[in-house]
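Each ligand, and each atom within it, is numbered from 1 in the order the structure gives.
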Amino acid sequence: MKFTPAKAPLTGETLETLTARLAGRQEPAFRAKQILDWVYKKRARSWDEMTNLSKPLRTWLDETFDLMPVSLITGQQSTDVTDKLLLELGDRSLIETVIIRVPQEGVGLDHSRKTICISTQVGCAMGCVFCASGLAGLKRNLNAGEIVAQLLQVCYREDARTPRARQELASFDNIVVMGMGEPLANYDAIIRALTIVNADWGLGFGARRITLSTSGLVPKILQLAEEPLGIRLAISLHGATDEVREQIMPVNKAYPLAKLLPAVKAFSDKHGRMVTLEFILIEEVNDSLIQAEKLRDIALDLHAHVNLIPYNTVEGLPWKRPSNTRQERFADILRNSRVSVTLRREKGHDIDAACGQLRLKTEKDREAAIASA
Ligand code: SAH
Ligand code: SF4
C-alpha cells in the first residue's frame, strides 16, 4: 500500500530540493538553510517560531509542508535503560523508535551513551520465521521524512530531559537501523533519510556512528557499498550454512551464502571497516557447535565482528533461547579462534535485543497503549 501525504514532510527535504522549491517563490538562496537551521539546530516545533522568516513565507510553508510528519503517542520507559517511543504516522499507522541508554561508569543515566534504533517500514515482507515484525507482512514503506522525524522526536525528548549546555546537533551517540522493516527493501528512502541525518545542514550526525542492518539483499548491499555516505553494515546471518539459514530466512533462497558472503566482503573491502554478523541463538535451530565452527570460519574469512544475540521469545512462536551454558559454549568456539565476538545477556543492555523487542508488540498492545494515553 502506498501512502501519499497531503503535504510533503519537511524532514524529507534536502537542502537542494528545498532551495529549488523556494526558488520558485523568488526567495534568496540562503533561505532554505535558514529554515533547516530552525528545524535541526534550534528544534523549532512551529512555523511561528521561525521569526526571521516573513509572515507570507511562513503561511506558504505551512500550506506546503508538514513540519513534523509523526506524532508522539506515548514515550514509555520500559526498563532503566530503554525508552520506547510509540509514534503515529499520517495514515494512523504506528511505529516504534527505541532509545537505549548504555550507562557509563561514574556518571548518571542522563549522561549515558545513547543509541537510537529506528524503523524503516510498517511491518516487513521478508518473512523470517522467528521475527514478529514480519508476522503480518508489509503494510508500507516509510518515506524519508518519517524516518528522519523519528530522530527529531528523540531529540525533542532528550532536550527536555537534559537541557543542552551548548548548541548540540544531536542528543545521542549512535543510530542503528534495526527497528521494524528491511531497510534495503526501502532503499531510496533510507539513503535520502541518512543523507539528511548526516549533512551539516541537517542533524550533522557522523556516518560512522550509523549502522544499518539487513537480512541480506545482495544487489542492494553492493549498491550501498558504492554510496559516498560511509555508514556501517550489519548482516542478520542467523545461520552459518544454507541448510540452516534457509529454514528460518526465506531470503536465503534468492541470496544464498555463496552470493551473500562475497557481497559482504566487497562492502568491507571498499570501506575498510569491520562488518558485524548478527547471529540470534535459537535453541535446537542454529546453536549447534558445528554451526559455531562454520560461523567462526565465515567471520575469520570476512574479518567480521560477531554479535551473538540470545533469542527473545515471541508470543505465538515456538522458538526458545538456549541455556546460558550452551550460549557460552557457542561463543567460546569463536573466542578460542580470536574472533571478535560479543554475547550480551543483560536485559536491556543489548541493543539488538532491545530492538528485537519491538517485534513483541502486537497491534493489540498498541491500541491498548493509545487507549491509555
Ligand atoms: N530487517 C533488518 C533490520 C531489522 S531486524 C534485519 O533483519 O537485519 C534487527 C535485528 O533484530 C535482526 O538481526 C533480527 O534478526 C533481530 N531479531 C528479530 N527478531 C528477534 C527476536 N525475537 N529476538 C532477537 N533478535 C531478533
Ligand atoms: Fe524483516 Fe528483519 Fe524481521 Fe527478517 S528479521 S522479518 S528482515 S525485520
Legend entry - Glu49 side chain vs Arg45 backbone, donor-acceptor pair below 3.5 Å: yes
Legend entry - Per-atom contacts of ligand 1 with His238, taking only distances under 4.0 Å to non-hydrogen atoms: 13 (O), 14 (C), 15 (O)
Inset, instruction - Please could you name the atoms of ligand 2 that Ser215 approaches to less than 4.0 Å, counting only its heavy atoms? - result: 7 (S)
Inset, instruction - Identify, by atom number and element, the atoms of ligand 1 in contact range of Gly179, meaning under 4.0 Å from any of its heavy atoms. - result: 4 (C)
Inset, instruction - Give the numbers and elements of all ligand 2 atoms closer than 4.0 Å to a heavy atom of Cys124. - result: 1 (Fe), 6 (S), 7 (S), 8 (S)
Inset, instruction - Answer with side chain, backbone, both or neither: which part of Glu278 has a heavy atom less than 4.0 angstrom from an atom of ligand 1? - result: side chain
Legend entry - Sub-4.0 Å atoms of ligand 1 with respect to non-hydrogen atoms of Thr214: 6 (C), 8 (O)
Inset, instruction - Show which atoms of ligand 2 fall inside a sub-4.0 Å distance from at least one heavy-atom site of Cys128. - result: 4 (Fe), 5 (S), 6 (S), 7 (S)
Inset, instruction - Just jot down the ligand 1 atoms closer than 4.0 angstrom to any heavy atom of Phe130, in number order. - result: 15 (O), 18 (C), 19 (N), 22 (N)
Legend entry - Heavy atoms of other groups near Arg273 CZ, more than 12 under 6.0 Å: yes
Inset, instruction - Please work out which of Ile280, Ile309, Leu317 has its closest non-hydrogen atom nearest to atom 17 (N) of ligand 1. - result: Ile280
Legend entry - Which of the ligand 1 atoms, numbered from 1, are nearer than 4.0 Å to a heavy atom of Gly181: 1 (N), 2 (C), 3 (C), 4 (C)
Legend entry - Shortest non-hydrogen contact between Leu212 and Val177, atoms and distance: CA-CB, 3.9 Å
Inset, instruction - Would you confirm whether Arg338, through its side chain, and Arg335, through its main-chain N or O, come within 3.5 Å as a donor-acceptor pair? - result: no
Legend entry - Part of Val314 within contact of ligand 1 (heavy atoms, under 4.0 Å): side chain
Legend entry - Val244 versus His238, closest heavy-atom pair with distance: CG1-O, 4.4 Å
Legend entry - Option with minimal heavy-atom separation from atom 2 (C) of ligand 1, where the choices are Ala234, Cys128, Ser213: Ser213
Legend entry - Proximal atoms of ligand 1 relative to Tyr311 (non-hydrogen, under 4.0 Å): 21 (C), 22 (N), 23 (N)
Legend entry - Heteroatom N/O/S of Cys131 within less than 2.8 Å of atom 1 (Fe) of ligand 2: no
Inset, instruction - Please name the pair of heavy atoms, one in Lys270 and one in Glu226, separated by the smallest distance, quoted to 0.1 Å. - result: NZ-OE1, 3.2 Å
Inset, instruction - Say whether Leu281 and Ile290 are linked into one hydrophobic cluster, either directly or through other cluster members, by side-chain heavy-atom distances under 4.5 angstrom. - result: no
Inset, instruction - Measure the spacing between CG of Leu10 and OG1 of Thr17 and express it to the nearest 0.5 Å. - result: 9.0 Å
Legend entry - Shortest non-hydrogen contact between Val306 and Leu295, atoms and distance: CG1-CD2, 3.9 Å
